[in-house]
**Student:** 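Handing you a structure now.
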Amino acid sequence: MGPYEILCGIVAVILAVYYYFTKNFNFWKSRGIRGPKPIPGFGNFKDVMLSNISMGDYMTKLYNTYKDERMIGIFTRTTPVLIVKNPDLIKDILIKDFTVFSHRGVPIFENAEPLSQHLFLLEPKRWRPMRINLSPVFTPGKIKDMFSLILECADHFVQYMENIASKNEPVECCEMAAKYMTDVIGSCVFGIEMNALSNEDSEFRRMGRKESTPTWKNILRIRFRQMFPWFYDTLAYAHIIPQTEVTKFITRVVMETMDHRETNKITRNDFIDMLRELKKHPEKLGDIELTDTLLASQAFQFFLTGFETSSLAMSNAMYELALNQKIQDKLREEVDELYVKCGQDFTYDNINKMDYLDKIFKETLRKYPIVTFLLRQAITNYTFNGTTVSIPKGQKVWIPIYGMHRDPDIYPKPDVFDPERFNEEAVQSRHSMVYQPFGDGPRNCIGIIK
């Protein structure tokens with residue numbers, strides 16, 4: 001083969017690769033949807049993929065750049081994604097036309113990451129019966145039953161804070177809150193004493209930290225999974241990519257706890273018992289195959305997201321209270337008033353009467369939403385109400401929570417921490433879809449207690 005043929009071959013390969021990476025780039029233009037110009041190989045996510053900007057900040061940047069648009073068309077590498085900003089269209093997606101958007105559209109890697117089969121990611125076929133069977137754990141009645149366990153953990157938390165405060169050293173509030181919530185989740189959900197507060201070497205806290213702390217190894221694994229999903233799962237099936245230490249640990253603990261209770265006839269009516277009930281009666285899930293990893297996945301989700309989301313909300317609230325002395329003083333007055341009325345007799349109902357505390361946490365989740373955007377995927381072709389925009393089956397749709405929560409037209413001076421944004425009059429003046437810390441509709445966060 002001569003130099004000319006080699007050169008032609010190289011050019012042909014380059015053109016083929018270029019075509020592959022750009023063939024969809026007219027997708028949104030042909031539908032009349034505006035958006036930033038994509039880059040071959042990266043789409044619109046070069047800076048996110050290179051970790052130069054967070055996903056939440058990038059989505060907010062897009063939200064503000066296309067301020068007057070109801071929708072924005074972007075690309076993740078070659079895949080078109082629709083960002084929907086309009087509250088009425090968001091309501092259609094999450095509630096009115098939920099049956100079309102019941103899928104989150106996130107792939108599950110059963111070989112590489114067997115614990116990814118949890119409620120947040122499951123496809124509609126498995127999600128629906130699993131949600132129905134797990135929901136009874138997250139009711140006001142169940143929380144009331146667990147309240148004494150929460151108070152017990154809170155007492156340990158107070159002792160822990162007094163101990164570290166006596167050392168007169170800087171305190172890492174996020175880590176402190178994570179330890180507390182690890183103990184709460186362990187006691188209330190799994191019936192296990194995780195001892196994160198009392199034991200610096202707590203295995204559960206170490207696993208939680210290992211799973212939630214970003215490292216270059218984790219980032220590379222995520223990028224490889226995103227770019228080559230089929231190859232990633234195939235390598236795991238061939239045991240070339242090993243399961244993580246956290247996966248092995250959680251699966252072992254959950255299965256051992258279930259077996260121990262079964263052998264010793266222990267009943268706690270908690271989350272683990274709910275999984276035991278499903279294992280005894282798999283027919284409750286219809287024709288879904290109930291495996292140990294499917295059960296352990298649900299426990300994994302509530303372990304990880306249970307302590308991570310709550311501890312982040314707690315630490316962000318503490319941060320804002322430290323910066324805003326007047327708000328802190330007003331909250332302290334409410335707490336003192338409750339003490340006068342109830343003494344040491346704290347109950348679930350008493351705590352629910354703390355209106356200003358409720359406003360503080362709502363404003364915390366407004367300013368610092370744990371999930372910065374919601375993901376949905378159309379399971380059929382769909383035309384948006386009141387528009388001519390049609391999307392095909394399989395189309396990914398994102399809802400920019402962080403952008404909405406920081407929109408000055410919705411929340412004036414969005415960087416200011418103001419709990420009064422959530423007084424009754426202010427809430428009634430806003431569209432119900434512009435505050436989404438837990439999502440909405442049938443596939444909202446199962447942990448929200450109303």
Side-chain angles (χ1 to χ4, degrees), residues 53-68 83 85-88 90-91 94 161 171-174 176-178 180-181 308-339 341 350-374 399-440 444-445 447-450:
I53 188 173
S54 72
M55 190 65 151
D57 285 335
Y58 178 65
M59 293 278 283
T60 301
K61 181 179 177 181
L62 286 177
Y63 182 98
N64 293 325
T65 300
Y66 296 89
K67 186 71 175 176
D68 298 326
I83 299 176
K85 297 172 52 184
N86 180 269
D88 291 323
I90 291 173
K91 188 172 184 177
L94 298 182
M161 288 192 295
V171 178
E172 175 50 73
C173 288
C174 193
M176 182 175 66
Y180 167 63
M181 285 310 306
E308 184 73 7
T309 57
S310 298
S311 62
L312 282 174
M314 284 179 63
S315 55
N316 285 328
M318 286 190 284
Y319 172 72
E320 289 293 347
L321 289 171
L323 294 178
N324 297 277
Q325 188 64 47
K326 289 183 179 179
I327 295 174
Q328 184 183 147
D329 291 342
K330 188 172 180 179
L331 175 61
R332 184 174 286 107
E333 288 176 11
E334 184 178 60
V335 174
D336 290 342
E337 288 176 7
L338 186 65
Y339 260 110
K341 292 178 181 178
N350 289 336
I351 298 295
N352 268 349
K353 293 176 183 177
M354 298 180 69
D355 180 62
Y356 197 63
L357 176 64
D358 182 59
K359 290 177 183 177
I360 285 173
F361 272 100
K362 284 179 177 176
E363 173 66 351
T364 300
L365 293 174
R366 192 278 307 173
K367 192 173 179 181
Y368 308 100
I370 304 302
V371 177
T372 56
F373 64 103
L374 297 178
I399 298 170
I401 296 176
Y402 194 75
M404 287 194 300
H405 285 194
R406 296 294 185 112
D407 187 338
D409 293 337
I410 301 172
Y411 299 99
K413 298 181 179 179
D415 291 329
V416 174
F417 187 81
D418 180 13
E420 291 306 323
R421 297 183 199 273
F422 291 92
N423 62 48
E424 187 173 349
E425 182 180 353
V427 171
Q428 292 300 321
S429 69
R430 294 191 294 265
H431 197 292
S432 61
M433 291 291 110
V434 298
Y435 181 66
Q436 293 289 341
F438 298 99
D440 211 326
N444 66 350
C445 175
I448 182 172
I449 308 294
K450 296 185 178 180

**Student:** Tyr402 versus Met55: any side-chain heavy-atom pair under 4.5 Å?
**Tutor:**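 No, too far: nothing below the 4.5 Å cut-off.
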**Student:** So, the side chain of His405 versus the backbone of Gln436: is there a donor-acceptor pair under 3.5 Å, distance only?
**Tutor:**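 Checked: pair present.
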**Student:** In Å, rounded to the nearest 0.5 Å, how long is the span from CG of Asp407 to CG of Asn64?
**Tutor:**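 Nearest 0.5 Å value for the CG-CG distance: 7.0 Å.
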**Student:** Between Asp418 and Lys413, does any side-chain N to carboxylate O distance fall below 4.0 Å?
**Tutor:**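 Between Lys413 and Asp418 there is no salt bridge, as every charged N stays at least 4.0 Å from the carboxylate O atoms.
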**Student:** Taking atom CD of Glu425 as the centre, report whether more than 12 heavy atoms of other residues, nucleotides or ligands fall under 6.0 Å from it.
**Tutor:**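 No - once you tally the heavy atoms of other residues, nucleotides and ligands closer than 6.0 Å, there are 12 at most.
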**Student:** Taking Lys91 first and then Asp440, would you say they form a salt bridge - that is, a charged N and a carboxylate O separated by under 4.0 Å?
**Tutor:**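 Judged by the 4.0 Å cut-off on N to carboxylate O distance, Lys91 and Asp440 do not form a salt bridge.
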**Student:** Are the charged groups of Arg332 and Asp329 less than 4.0 angstrom apart, N to O?
**Tutor:**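 Counted as a salt bridge, because a side-chain N and a carboxylate O are separated by less than 4.0 Å.
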**Student:** Yes or no on side-chain contact (heavy atoms from CB on, under 4.5 Å) for Tyr435 and Ile410, after CA distance, side-chain angles and deciding distance?
**Tutor:** CA-CA 10 Å; Tyr435 181 66; Ile410 301 172; over 6 Å; no
**Student:** How about NZ on Lys67, more than 12 heavy atoms from neighbouring residues, nucleotides or ligands closer than 6.0 Å, or not?
**Tutor:**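 Counting neighbours around NZ of Lys67, more than 12 heavy atoms of other residues, nucleotides or ligands fall under 6.0 Å, so yes.
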**Student:** Are Ile327 and Tyr356 close enough, and set up right, to give a side-chain contact (heavy atoms from CB on, under 4.5 Å), and what steps lead you there?
**Tutor:** CA-CA 9 Å; Ile327 295 174; Tyr356 197 63; 3.5 Å; yes
**Student:** Are a donor atom and an acceptor atom from the side chains of Asn316 and Glu320 found within less than 3.5 Å of each other?
**Tutor:**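 Absent: no donor and acceptor within the cut-off.
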**Student:** Whether Lys330 and Glu420 form a salt bridge (side-chain N of Lys/Arg under 4.0 Å from carboxylate O of Asp/Glu) is what I want to check.
**Tutor:**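 Yes, charged N to carboxylate O under 4.0 Å.
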**Student:** Decide whether a cation-pi geometry holds between Lys367 and Phe417; the criteria are a distance under 6.0 Å from NZ or CZ to the six-membered ring centre and an angle within 45° of the ring axis.
**Tutor:**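 Geometry flag: not set, cation outside 6.0 Å or 45°.
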**Student:** For Lys362 and Arg421, indicate whether the former's side chain and the latter's backbone hold a donor-acceptor pair under 3.5 Å.
**Tutor:**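 Not at all, since once roles are kept as given, no pair shorter than 3.5 Å links the two residues.
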**Student:** Please say whether the positively charged group of Arg366, taken as NZ for Lys or CZ for Arg, lies over the ring of Phe422, i.e. under 6.0 angstrom from the six-membered ring centre and within 45 degrees of the axis.
**Tutor:**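 Verdict for Phe422: no cation-pi partner in Arg366.
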**Student:** Can you name the nearest heavy-atom pair linking Phe361 to Ala317, along with the distance?
**Tutor:**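 Reported closest heavy-atom pair: CE2-CB, 4.0 Å.
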**Student:** Begin from the C-alpha positions of Met161 and Val171 and carry the test side-chain contact (heavy atoms from CB on, under 4.5 Å) through to its verdict.
**Tutor:** CA-CA 9 Å; Met161 288 192 295; Val171 178; over 6 Å; no
